[in-house]
There are 2 protein chains.
Amino acid sequence: MTEPDISALAHDLRIACMRVARRVRFDADNTIAPHLFSVLARLSEEPRTVGELAAIEQVSAPSVSRTVGQACEAGYAVRSPDAHDGRLVRLSLTPEGQEIVRRERAHRDAWMTGRLEEITAHQRQVLREATDLLDRVVGP
Amino acid sequence: MTEPDISALAHDLRIACMRVARRVRFDADNTIAPHLFSVLARLSEEPRTVGELAAIEQVSAPSVSRTVGQACEAGYAVRSPDAHDGRLVRLSLTPEGQEIVRRERAHRDAWMTGRLEEITAHQRQVLREATDLLDRVVGP
DNA sequence: TATTGTTATACTCTATAACTATA
DNA sequence: TATAGTTATAGAGTATAACAATA
């Protein structure tokens with residue numbers, strides 16, 4: 001593959017990925033707002049503080065604080081004080097919050113699954129390899 | 001590939017694509033707002049009306065009208081009346097607008113190109129095939 | 001004095017409804 | 001009367017600055 005081809009691939013691959021991301025967010029009429037889902041998804045991994053969420057999501061602390069307030073008000077998350085540092089607020093998902101995250105993920109996956117059922121097994125194998133490559137190339 | 005594997009691929013591929021989209025938007029510290037770039041990118045393909053842009057971008061006509069106003073004010077686009085229908089407003093890019101789009105695309109592509117240079121030619125070939133597949137699967 | 005989180009305030013993007021001009 | 005676009009108004013998310021509590 002020559003230099004120009006690498007650039008062309010970079011362009012086409014970027015466009016394709018952004019299109020998928022866009023479709024998933026728009027077409028799969030999601031029931032939960034993107035910013036709220038992002039926070040809940042992070043908390044589903046493990047309990048975190050407001051500051052940690054702000055750093056991970058790359059938004060301001062006040063913005064996260066507000067979103068967390070919505071999550072708690074909706075019964076998806078709970079605040080609890082840190083045992084050793086009174087300034088910290090530990091955030092964790094309730095069972096309802098975990099269920100919301102699970103359902104939302106299933107919803108998004110279902111949309112993608114439907115598309116993949118339209119192609120051949122061999123083509124899916126190509127996408128499988130490409131997915132693993134992307135994970136390594138783009139990083140965690 | 002069995003059923004569960006298709007679901008797993010759907011999940012992993014979706015995550016990988018959304019991660020790429022996210023990295024491009026964050027890492028490649030872009031100089032132009034996403035909604036404005038989207039409109040300019042559409043106009044770089046061909047002149048369009050407000051209604052066409054609204055339909056393509058899936059946002060309301062007033063929202064597009066506002067964004068177009070910004071584009072015109074910044075000197076990136078110009079409004080011109082339609083010859084046959086006085087209600088229509090034809091929008092097209094100025095040379096400055098074309099340059100902005102070109103530069104922004106180059107910026108985003110450069111990030112992706114850097115990643116692709118780290119892998120082998122064979123691996124890039126896999127991504128090339130996967131990209132073409134994604135285009136067909138996800139649609140235009 | 002520095003850090004964590006929240007509250008106050010303003011700005012931006014988007015949407016619906018109302019309005020103007022043209023078909 | 002229907003359509004294309006703009007203007008008016010309101011709602012939601014985010015940011016910076018100011019504040020309260022704790023280290």
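Chain letters run A, B, ... following the sequence lines, proteins first and then strands; every chain starts at 1.
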Side chain to side chain contact (heavy atoms under 4.5 Å, CB included) against [X], all qualifying residues, sequence neighbours excluded:
X: B/T94; answer: B/V78, B/E96
X: B/D85; answer: B/D82, B/R87, B/L88
X: B/V101; answer: B/F37, B/L40, B/S44, B/L93, B/R105
X: A/I56; answer: A/R42, A/R48

List, with names and distances, any nitrogen or oxygen atoms from the protein found under 3.5 Å away from nitrogen or oxygen atoms belonging to nucleotides 6-10 of chain C.
unit_1	atom_1	unit_2	atom_2	d
C/dT6	OP1	A/R79	NE	3.0
C/dT6	OP1	A/R79	NH2	3.4
C/dT6	OP2	A/S65	OG	2.6
C/dT6	O5'	A/S65	OG	3.3

What is the distance, to the nearest angstrom, from the [atom1] atom on [X] to the [atom2] atom on [N]?
X: B/L36; N: C/dT12; atom1: CG; atom2: C1'; value: 13 Å
X: B/H35; N: C/dA15; atom1: NE2; atom2: P; value: 12 Å
X: A/H84; N: C/dT4; atom1: NE2; atom2: P; value: 16 Å

Exercise. Mapping A/S60 and A/G86 to their closest nucleotides on DNA chain D, which lands nearer the 5' end?
Worked result: A/S60
Exercise. What pairs with B/R102 under side chain to side chain donor-acceptor pair (under 3.5 Å), at least two apart in sequence or on another chain?
Worked result: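 Residues passing side chain to side chain donor-acceptor pair (under 3.5 Å) with B/R102: B/E99.
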Exercise. Considering residues at least two apart in sequence or located in another chain, which fulfil the side chain to side chain donor-acceptor pair (under 3.5 Å) criterion with A/E52?
Worked result: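 Side chain to side chain donor-acceptor pair (under 3.5 Å) check on A/E52 returns nothing, list empty.
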Problem set entry | Residue list, salt bridge (Lys or Arg N to Asp or Glu O under 4.0 Å) with B/R136, at least two apart or on another chain | none
For this session: Check salt bridge (Lys or Arg N to Asp or Glu O under 4.0 Å) between A/R79 and all other residues, then give those that pass, not counting sequence neighbours.
Result: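 With neighbours one apart ignored, the set is empty.
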Exercise. Hey, is the side chain of B/Q70 poking within less than 4.0 Å of OP1 or OP2 on C/dT12, counting only N and O atoms?
Worked result: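 Answer no for this pair, as no side-chain N or O of B/Q70 is under 4.0 Å from OP1 or OP2.
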Identify each donor-acceptor pair in which a side-chain atom of residues 62-71 of chain A lies under 3.5 Å from a protein atom, sequence neighbours left out, and give them as a table.
unit_1	atom_1	unit_2	atom_2	d
A/T67	OG1	A/S63	O	3.1
A/Q70	OE1	A/H35	NE2	3.3

Problem set entry | Bounds of contact between DNA chain D and chain B, in 5' to 3' order, using a heavy-atom cut-off under 4.0 Å |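 With heavy atoms of chain B under 4.0 Å away, the range is D/dT3 to D/dT7.
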Exercise. What is the minimum heavy-atom distance between A/A61 and A/V50, and which atoms define it?
Worked result: O-CG1, 3.9 Å
For this session: Can you pull out how bent the helix from C/dT1-D/dA23 to C/dA23-D/dT1 is, comparing the axes over its first five and last five pairs, to 10°?
Result: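 Computed angle between terminal axes is 10°.
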For this session: Give a yes or no on whether B/E73 atom CD has more than 12 heavy-atom contacts from other residues, nucleotides or ligands under 6.0 Å away.
Result: no
